[in-house]
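Here the structure comes first, spelled out in structure tokens, and everything after it is commentary.
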Amino acid sequence: MESAPTFSDSLTQSPRPPGLAIAAFLLVFIIGFTLRLFPSAGFDGIGYDEALYRGYVNELIRTGLGAFPDQAEGYVVRQQSLPAAILPPTRFVYIFAAYLWHQASGAEALDALHDVSCFFSILMLIVSTVFAWRLGGWRIALGVAALMSCSPLQIHMSQHALIDGVFAFWATLCLWLLWENLRKPGNAAWLAAYTAALALLVLTKENAMFAYLGLLGLLGANRWLRFGKITSALLGVTVIGPLLGVVILIFLCGGLGTFIATYHLLVAKASVLPYAIATGDGPWYRYLVDLLLISPLILLLAWAALFQLRATEKAPWYLAVFVGVTYLVMCNVRYGMNLRYATIWDLPLRYLSILSVGHLSGFLANRRAIAVVLAVMSLCVFDLRQYHLFFVQNDLYELVTGGLLRALKILK
């Protein structure tokens, strides 16, 4: 006997969007783009990381890409003499993108970095919408687009020269492309895109290991959850893509020795950084606490959705496994927990939240669509209120638990 269709099944089987839905997509994108492009952050200073990124971009402007190995060697020399870690120039995609934008527009280094962060936050909104459409149909995609457009973390990342929003984009893109390769095995275009995305993920930030382990976890879980078909070609590019990124980094560093020294020093000295010791530790559930403080309704709805999933609902399980595996890794990094890293979970949490809203509105029958629309609009308004509270009214820049608690006046 077949089970009754689920809410996500009914949305996946829905027809193409009518004109009104297309207009709604356009409106959501306009709102999302405006929230990212319009300067709104209360903090208008220069953060510690921003100053370092600015220095790397200025050095690239002064010496050109050919001198990048000298910059990497200079980092090793400087880092050896410092008592704690500073971020390395091997976060190449972010630095090089700002350099290219400076060359094209003439923007100062810090402004170029801000513009790159904003651009990738916009790309994140677009890719999340397309990915959600591929996972669950246009109706779910519209809801996800609305929630992503108003995500406090995504807007915050667009307002500063921070790399985490850029990294979240590449992680989400890799997650989507793995899904496509599982569903359409052997497709050369999808395989090539997945390979390139993995390489660029590695070239963006060393946190690529977290996302990569999440992707490997999905390949392992495929044996039981049957997301799609794993081919030898897919396994091959899953290895080749990151290796390609590592090889490029070695070349950019000027040799294997400098590359190894860079990451050895980063790992060794990050654990003694006073700020990381003061703010980057906590129990395994710290990310849950921080997410509950900044987007409580989204987290609770996503959590509720997990208890309503059936084994046949491949898409939500796919996202849930990725979050579960990456969470397990990230919550065990000593002195390395920060809510900025949780931007890679923005899409999965909002996708699950839309499913939960659909399930909860099931008893309304013919008025279900209206209820879902009103619920999504309410969630957007609430998240925008959270953004204003934390990042406009209280001028937060760093996303540590103490600052979140003080903004909510839980701590004085």
Side-chain angles (χ1 to χ4, degrees), residues 48-100 109 113 116 161-164 166-171 173-174 194-216 236-273 276 326 329-330 333-336 338 341 344:
Y48 180 73
D49 286 2
E50 290 180 308
L52 289 170
Y53 287 129
R54 180 179 62 178
Y56 290 140
V57 174
N58 278 328
E59 184 68 16
L60 206 57
I61 293 170
R62 187 179 66 83
T63 61
L65 183 60
F68 192 85
D70 296 333
Q71 192 170 154
E73 291 174 6
Y75 168 82
V76 172
V77 173
R78 182 184 180 190
Q79 183 66 93
Q80 287 174 334
S81 64
L82 294 174
I86 59 174
L87 59 88
T90 46
R91 299 178 176 185
F92 179 72
V93 166
Y94 187 47
I95 296 167
F96 187 60
Y99 165 75
L100 290 179
L113 287 162
V116 169
L162 294 171
I163 198 172
D164 302 280
V166 180
F167 177 77
F169 165 78
W170 291 116
L173 183 64
C174 289
Y194 181 51
T195 306
L198 285 171
L200 289 165
L201 180 72
V202 172
L203 286 165
T204 300
K205 196 180 181 187
E206 58 278 357
N207 288 33
M209 180 58 68
F210 302 152
Y212 186 65
L213 290 174
L215 299 176
L216 293 182
V237 300
T238 300
V239 175
I240 292 171
L243 283 179
L244 178 61
V246 170
V247 169
I248 295 173
L249 280 178
I250 292 173
F251 175 78
L252 289 169
C253 288
L256 183 61
T258 303
F259 172 79
I260 293 175
T262 296
Y263 285 101
H264 173 73
L265 288 168
L266 178 64
V267 172
K269 298 203 174 185
S271 60
V272 297
L273 184 65
T326 51
V329 177
M330 289 165 58
V333 178
R334 190 181 186 191
Y335 305 138
N338 192 301
Y341 309 152
I344 65 172

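If you're wondering where the values come from, they're calculated on a predicted model, not measured in any experiment.
Every residue two or more places apart in sequence or in another chain that forms a side chain to side chain contact (heavy atoms under 4.5 Å, CB included) with E59 is listed here: R62, T63, Q71. In this structure F167 satisfies the ring-ring contact (aromatic ring centres under 6.0 Å, His included) test with no other residue, sequence neighbours excluded. In this structure, the ring-ring contact (aromatic ring centres under 6.0 Å, His included) partners of F68, at least two apart in sequence or on a different chain, are F92. Under the side chain to side chain contact (heavy atoms under 4.5 Å, CB included) criterion, A97 pairs with V116, sequence neighbours left out.
In plain terms, the two heavy atoms of Y75 and I86 that are nearest each other are OH-O, 2.9 Å. Closest of all the heavy-atom pairs between E50 and A161 is OE2-N, 2.7 Å. Nearest heavy-atom pair across L113 and Y94 is O-OH, 3.3 Å. In terms of heavy atoms, V272 sits closest to P83 at CG2-O, 3.3 Å. Counting all heavy atoms, side chain and backbone alike, A171 lies closest to I344 at CB-CG2, 3.9 Å. Residues A270 and A276 share a closest heavy-atom pair of O-CB, 4.0 Å.
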Under 3.5 Å, sequence neighbours excluded: what are the donor-acceptor pairs made by side chains of residues 244-269?
residue : atom : partner : partner atom : Å
T262    : OG1  : T258    : O            : 2.8
Y263    : OH   : T90     : OG1          : 3.2
K269    : NZ   : Q79     : O            : 2.7
K269    : NZ   : Q80     : O            : 3.0
K269    : NZ   : L82     : O            : 2.5

Which atom pairs, one a donor and one an acceptor, fall under 3.5 Å between side chains of residues 199-211 and the rest of the protein, sequence neighbours left out?
residue : atom : partner : partner atom : Å
T204    : OG1  : L200    : O            : 2.7
K205    : NZ   : D164    : OD1          : 2.8
E206    : OE1  : R91     : NE           : 3.4
E206    : OE2  : R91     : NE           : 3.3
E206    : OE2  : R91     : NH2          : 2.4

Pair V333-Y341, side chain to side chain contact (heavy atoms under 4.5 Å, CB included): steps then yes or no: CA-CA 12 Å; V333 178; Y341 309 152; over 6 Å; no
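Inter-residue side-chain proximity for L65 and F96 is flagged as met; some heavy-atom pair is nearer than 4.5 Å. Inter-residue side-chain proximity for D49 and I163 is flagged as unmet; no heavy-atom pair is nearer than 4.5 Å. Here the side chains of V329 and T326 are not in contact, with every heavy-atom distance at 4.5 Å or above. Between L87 and Y48 there is no side-chain heavy-atom pair separated by less than 4.5 Å. Using a 4.5 Å heavy-atom cutoff, the side chains of L162 and Y53 are not in contact.
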